[in-house]
Q: 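If you scroll down you'll find the structure; I have some questions about it.
Letters A, B, ... are given to chains in the order of the sequence lines, protein chains preceding strands, and every chain is numbered from 1.
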2 protein chains.
Amino acid sequence: MEIQLQIKMNEKLFLRDPEQSELGKKIILHSIQLIHLNGFEAFTFKKLAEAIGTTEAGIYRYFENKHRLLIYLTAWYWSWLEYQVSFQTNNINDPVVKLKRVINLLATTVEDDIRTSYVDESLLHQIIITEGTKAYLNKRVSEDNKDHLFKPYKDLCAVIGNMILECNPRYKYPKSLASTIIEVAHFQNFFMNHLPSLTDFGKNKDEAEIVRFLEDLVFSSLQSTSFDKE
Amino acid sequence: MEIQLQIKMNEKLFLRDPEQSELGKKIILHSIQLIHLNGFEAFTFKKLAEAIGTTEAGIYRYFENKHRLLIYLTAWYWSWLEYQVSFQTNNINDPVVKLKRVINLLATTVEDDIRTSYVDESLLHQIIITEGTKAYLNKRVSEDNKDHLFKPYKDLCAVIGNMILECNPRYKYPKSLASTIIEVAHFQNFFMNHLPSLTDFGKNKDEAEIVRFLEDLVFSSLQSTSFDKE
DNA sequence: TTTGTAAAGATAGTATTACTATCTTAAACG
DNA sequence: CGTTTAAGATAGTAATACTATCTTTACAAA
């Protein structure tokens with residue numbers, strides 16, 4: 001069977017829905033490649049237009065600016081990942097097993113999902129690690145948040161937070177632990193590859209070690225008796 | 001007694017040492033104010049020059065570009081914080097107490113250090129939370145790392161990593177836990193203030209809760225028996 | 001006193017970036 | 001067949017991120 005996966009995105013993320021046209025899909029495809037290649041700072045709509053074979057004005061009809069495009073890509077990624085999470089944890093009852101699957105999804109290399117023809121999830125995952133936080137680490141964050149642009153990220157956090165509570169209903173910081181898992185998975189990956197002395201994984205550069213670190217961190221906290229006492 | 005605190009910075013961070021002249025000190029003072037006010041993206045050397053009452057060319061004699069200036073500010077901050085850590089943990093023997101002091105320093109509002117006349121540490125702390133990661137989350141990171149521009153950050157991590165080992169010599173991930181403490185302290189602070197649903201502190205917006213979360217996270221891991229067994 | 005040197009001020013100029021506007025062509029739709 | 005709509009083509013602008021050059025000021029050595 002051949003299945004196409006389409007993710008419904010918040011309409012405020014774009015001026016014209018890139019998933020509804022060939023040009024739009026090219027914008028997504030090539031922006032992922034270009035940002036991955038040169039980084040978000042060096043990425044411009046002009047270079048993107050050249051890569052696609054269209055003009056700057058053409059891109060601006062889809063996205064207000066490159067910042068919005070970045071938010072779009074991150075939102076897309078988090079939506080896709082939440083779907084992966086729900087798929088991979090479906091029919092599993094043990095919340096510990098579920099949480100381990102999530103940690104694995106977050107901390108290990110993503111494979112390209114062939115059901116999404118114009119998104120290379122593997123590259124996108126790399127982009128999220130290096131550029132993802134720039135989507136909200138800025139002065140516009142509250143404005144963008146009002147437009148619900150970060151909803152996919154929040155939704156995923158909420159899902160993970162609920163798994164955490166399933167593991168230990170008395171744990172006091174489920175949401176913070178959820179966002180911590182996500183961010184730490186990415187930071188440790190970045191550090192491992194670029195500033196290895198900030199990690200304990202520099203020698204082998206093995207993502208499996210990040211998984212073990214995170215599992216230790218998370219399940220120590222959840223199994224800890226310190227909050228069952230009172 | 002009146003004490004002046006000067007931090008010796010890596011010479012590759014600047015073209016001309018800003019601590020050695022009036023203009024240089026003004027650059028530091030006003031860049032902190034401007035970045036804090038408008039964010040790093042909106043910050044330009046032209047605006048900075050106008051704020052100071054000098055010209056763009058004048059700033060370029062001190063810093064190659066605004067990215068280098070950001071690295072300078074972050075490096076300065078981490079150096080200053082390492083000094084604070086060594087000061088505040090001096091004469092304390094219990095590594096748990098020391099680590100708690102560190103968590104407190106990282107996760108709570110910093111007060112302006114009057115011994116550094118042209119640096120407002122309180123504003124700088126805010127800048128580090130929002131803009132700090134941009135110093136290394138880019139394509140130049142390896143190059144900049146070769147010039148040892150991130151040494152202060154690494155040094156602080158190493159100090160914290162050693163405290164972790166003092167708490168539990170058999171803990172397997174001291175460096176990763178150290179960098180995790182630093183990054184999580186900042187992220188949770190940012191989320192608490194701007195995307196509160198990603199944390200459990202949205203209601204009170206109280207930094208003390210971040211401290212408790214981090215202490216729980218860290219000491220659960222360090223007290224965990226899971227790695228003492230083998 | 002002169003001369004050299006170095007910081008800083010003043011001014012100009014350039015390539016690129018981040019857009020906006022307008023006009024034309026092409027396709028798609030009823 | 002005429003109308004809407006996307007997309008191509010072209011132009012233009014303000015701001016950004018620099019680089020270059022020339023002058024003034026200051027202080028220090030010869």
Q: By side-chain hydrogen bond (donor to acceptor under 3.5 Å, both in side chains), which residues pair with A/W76, not counting sequence neighbours?
A: A/E19
Q: More than 12 non-hydrogen atoms from neighbouring residues, nucleotides or ligands closer than 6.0 Å to CD on B/Q6, yes or no?
A: yes
Q: Is the side chain of A/K134 donor-acceptor paired with the backbone N or O of B/L137 at a distance under 3.5 Å, no angle test?
A: yes
Q: Evaluate the criterion salt bridge (charged side-chain N to carboxylate O under 4.0 Å, His left out) for residue pair B/E143 and B/R140; output intermediate values, then yes/no.
A: CA-CA 5 Å; B/E143 229 177 297; B/R140 275 173 288 187; over 6 Å; no
Q: What residues form a side-chain contact (heavy atoms from CB on, under 4.5 Å) with B/R68, not counting sequence neighbours?
A: B/E64, B/N65, B/D144, B/D147, B/L149
Q: To the nearest angstrom, how far is B/L48 atom CG from D/dC18 atom P?
A: 14 Å
Q: Round to a whole Å and report the spacing from CZ of B/R68 to P of D/dA17.
A: 16 Å
Q: Would you check if there is a donor-acceptor pair between the side chains of A/T74 and A/Y136 at a distance under 3.5 Å?
A: no
Q: Please indicate whether A/E111 has more than 12 foreign heavy atoms, meaning atoms of other residues, nucleotides or ligands, lying under 6.0 Å from its CD.
A: no
Q: Considering only nitrogen or oxygen atoms on both sides, find all protein atoms under 3.5 Å from nucleotides 19-24 of chain C and state each distance.
A:
{"unit_1": "C/dC19", "atom_1": "O5'", "unit_2": "A/Y60", "atom_2": "OH", "d": "3.1"}
{"unit_1": "C/dC19", "atom_1": "N4", "unit_2": "A/E56", "atom_2": "OE1", "d": "3.1"}

Q: Determine whether a donor-acceptor pair (N or O, by modelled atom type, separation under 3.5 Å) exists between the side chain of B/S31 and the backbone of B/I28.
A: yes
Q: Under 3.5 Å, side chain of A/K139 to main-chain N/O of B/F40, donor-acceptor pair present?
A: no
Q: Determine whether more than 12 heavy atoms belonging to other residues, nucleotides or ligands lie under 6.0 Å from atom NZ of B/K46.
A: no
Q: Strictly below 4.0 Å, heavy-atom distances to any atom of DNA chain D: list the hits from residues 15-45 of chain B, or just say none.
A: B/T44
Q: Below the 4.0 Å mark, does D/dG8 have OP1 or OP2 next to a side-chain nitrogen or oxygen of A/T54?
A: yes
Q: Round to a whole Å and report the spacing from CZ of A/F63 to P of C/dT17.
A: 20 Å
Q: Distances for protein N/O vs nucleotides 23-28 of chain D N/O pairs under 3.5 angstrom?
A:
none

Q: Would you indicate, yes or no, if C/dA8 has its OP1 or OP2 atom less than 4.0 angstrom from a side-chain nitrogen or oxygen of B/Y62?
A: yes
Q: Check whether the side chains of A/T180 and A/Y173 place a donor and an acceptor atom closer than 3.5 Å, and report yes or no.
A: no
Q: Looking just at side-chain N and O atoms, do B/D120 and B/H36 make a donor-acceptor pair shorter than 3.5 Å?
A: no
Q: Taking atom types as modelled, find out whether A/N204 and A/E209 have a side-chain donor-acceptor pair closer than 3.5 angstrom.
A: yes
Q: Just the atom pairs and distances: protein N or O near nucleotides 25-30 of chain C's N or O, under 3.5 Å.
A:
none

Q: Using whole Å, report how far CD of B/E50 lies from C1' of C/dA10.
A: 14 Å
